[in-house]
Amino acid sequence: MSEVRAVESTRTCVVELPSGALSLPVLRVEPPAPRATVILAPGAGAGAAHPFMAAMAAAIAAIGMTAVRFDFPYRVLGRRMPGPASHSILAWAAVFEHARLESGTAPIVAMGKSYGGRMASMAAAEDTIDPDALVYLGYPLHPPGRPEKERAAHLPLITVPQLFVSGSRDPFILPAERWDAIVETCPAASIAWMDGADHSFERSRDRRTVVDVAASVLAATRDFLDDVVSSQRDTPGGAARFARPPDPA
């Protein structure tokens, strides 16, 4: 019997901006009988097709979850730097609703690399999206070397589980003691520390491939993601079919 593989597809999602409607490409990697959907937003300096993003999507699909990637409006419009945060939040809302229609009763996790995660947190804090959980891959607490410029006042407003995957050498969250203290103020939040990793989850003299780096990041989130699925499964009306598959060979 041949192996059933994840299906990759590109769809279109329309976001209504103040300047008018804009079509966003939505990249999906969907395994057979997905038990959850993970929406993965890129950082400010990269797009949905970046090798790390593609590797993360493949790793997510390998554990039985649909991975959905998208680009923010500024990138679709050919600009290098993010525009107003409100535009990125509108994009999150549009893609989230698109994913909800595709996901049925499966839980939805909002995940983002750096800027993409921060925009997800702002959207969740203002109830623009209502994911079952959020995962931040390198949350940018402040610009490097500017710890007084914190971007975390909204995080305690989020009541669903949050996981912050942080490199111990990431200049965007140092000093680590302050980052620990901030996360402690959030309900149901925790940090998954990547020892020796920087903002891109790479280590000094790192010879790992981008696939290896993505695999290590997913390993740090795996138990959290499985708990999200289990919580939804055990809730009355939840979908009991979302059971954890075996680890990929």
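Note: H154 and Y139 have tilted aromatic rings, judged against thresholds of 30 and 60 degrees for the angle between ring planes.
One distance of note links CZ of R118 with OG of S88; it measures 9.0 Å at 0.5 Å rounding. In this structure, CG in L163 is found 8.0 Å from CG in L225, a value given to the nearest 0.5 Å. For the atom pair CD of E148 and NE2 of H142, the computed distance is 8.5 Å after rounding to the nearest 0.5 Å. We find the NE2-OG distance between H98 and S103 to be 9.0 Å, quoted to the nearest 0.5 Å.
When every heavy atom of A61 is checked against every heavy atom of A6, the shortest pair comes out as CB-CB, 4.1 Å. A pairwise comparison of heavy atoms in P161 and D132 identifies CD-O, 3.5 Å as the closest pair. Closest approach of A181 to T185, counting heavy atoms only: O-CG2, 3.4 Å. The two residues I63 and R222 make their nearest non-hydrogen contact at CG2-NH1, 3.4 Å. Closest non-hydrogen pair, A57 versus L40, comes out as N-CD2, 4.3 Å. Shortest non-hydrogen contact noted between P131 and A124 is CD-CB, 4.5 Å.
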Does L174 form a side chain to side chain contact (heavy atoms under 4.5 Å, CB included) with W179? I'd like the steps, not just the answer.
CA-CA 7 Å; L174 297 177; W179 184 221; over 6 Å; no
Run the side chain to side chain contact (heavy atoms under 4.5 Å, CB included) test on V210 and F52 for me, step by step, so that the C-alpha distance in whole Å, both residues' side-chain angles and the decisive distance to 0.1 Å come before the verdict.
CA-CA 6 Å; V210 67; F52 175 78; 3.9 Å; yes
Step by step, work out the side chain to side chain contact (heavy atoms under 4.5 Å, CB included) result for S9 and E30.
CA-CA 8 Å; S9 62; E30 186 169 357; 5.9 Å; no
Residue pair R169, S204: steps toward the side chain to side chain donor-acceptor pair (under 3.5 Å) verdict
CA-CA 10 Å; R169 294 192 303 110; S204 179; 5.6 Å; no
Residues F201, L137; criterion side chain to side chain contact (heavy atoms under 4.5 Å, CB included); working and verdict
CA-CA 9 Å; F201 303 113; L137 308 181; 3.9 Å; yes
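Side-chain atoms of T10 do not come within 3.5 Å of backbone N or O of L27 as any donor-acceptor pair. With hydrogens and angles disregarded, a donor-acceptor distance shorter than 3.5 Å links the side chain of D212 to the backbone of T209. A distance-only check finds no donor-acceptor pair linking the side chain of R28 to the backbone of E8 [under 3.5 Å].
Evaluation of the side chain to side chain donor-acceptor pair (under 3.5 Å) rule for S114 yields H199 as partners, not counting sequence neighbours. The side chain to side chain donor-acceptor pair (under 3.5 Å) test applied to D130 returns R100, not counting sequence neighbours. For the salt bridge (Lys or Arg N to Asp or Glu O under 4.0 Å) test, residues two or more places apart in sequence or in another chain that qualify with E150 are R178.
Residues V29 and M56 are not in side-chain contact: their nearest non-hydrogen atoms beyond the backbone lie 4.5 Å or more apart. Taking the side chain as every heavy atom from C-beta outward, E102 and T37 never approach each other to under 4.5 Å. When side chains are defined from C-beta on, P143 counts as touching R151, because their heavy atoms get closer than 4.5 Å. Looking at heavy atoms from C-beta onward, P42 lies out of side-chain contact with H50 at the 4.5 angstrom threshold. Side chains of M111 and L134 form no contact here, defined as non-hydrogen atoms less than 4.5 Å apart. Within the 4.5 Å cutoff, no side-chain heavy atoms of Q162 are placed close to those of S190. In this structure, T66 and P31 have side chains that are in contact, with non-hydrogen atoms separated by less than 4.5 Å. Side chains of S121 and Y136 form a contact here, defined as non-hydrogen atoms less than 4.5 Å apart.
Transitive grouping of hydrophobic side chains (ILVMFWY, heavy atoms separated by less than 4.5 Å) brings V109 and M53 into a common cluster. Cluster membership check: V183 shares its hydrophobic cluster with V160, using side-chain heavy-atom separations under 4.5 Å among Ile, Leu, Val, Met, Phe, Trp and Tyr. Linking Ile, Leu, Val, Met, Phe, Trp and Tyr whenever their side-chain heavy atoms come within less than 4.5 Å leaves V135 and I173 in two separate clusters. One hydrophobic cluster holds both L218 and V229 under the rule that ILVMFWY side chains link at heavy-atom gaps under 4.5 Å. Both V165 and I60 are members of a single hydrophobic cluster when ILVMFWY side chains are connected at heavy-atom separations under 4.5 Å.
For residues 65-89, there are no salt bridge (Lys or Arg N to Asp or Glu O under 4.0 Å) pairs, not counting sequence neighbours. Within the structure, salt bridge (Lys or Arg N to Asp or Glu O under 4.0 Å) contacts touching residues 184-203 (residues at least two apart or in different chains) do not occur.
Taking Ile, Leu, Val, Met, Phe, Trp and Tyr as hydrophobic and joining them when side-chain heavy atoms fall under 4.5 Å apart, one finds L90 in a cluster with V15, L17, L22, L24, V26, I39, V68, F70, F72, Y74, V76, L77, I89, W92, V95, F96, I108, Y115, M119, M122, I129.
Side-chain N/O atoms of W193 and S166 include no donor and acceptor closer than 3.5 Å. Side chains of S230 and D227: no donor on one and acceptor on the other come within 3.5 Å.
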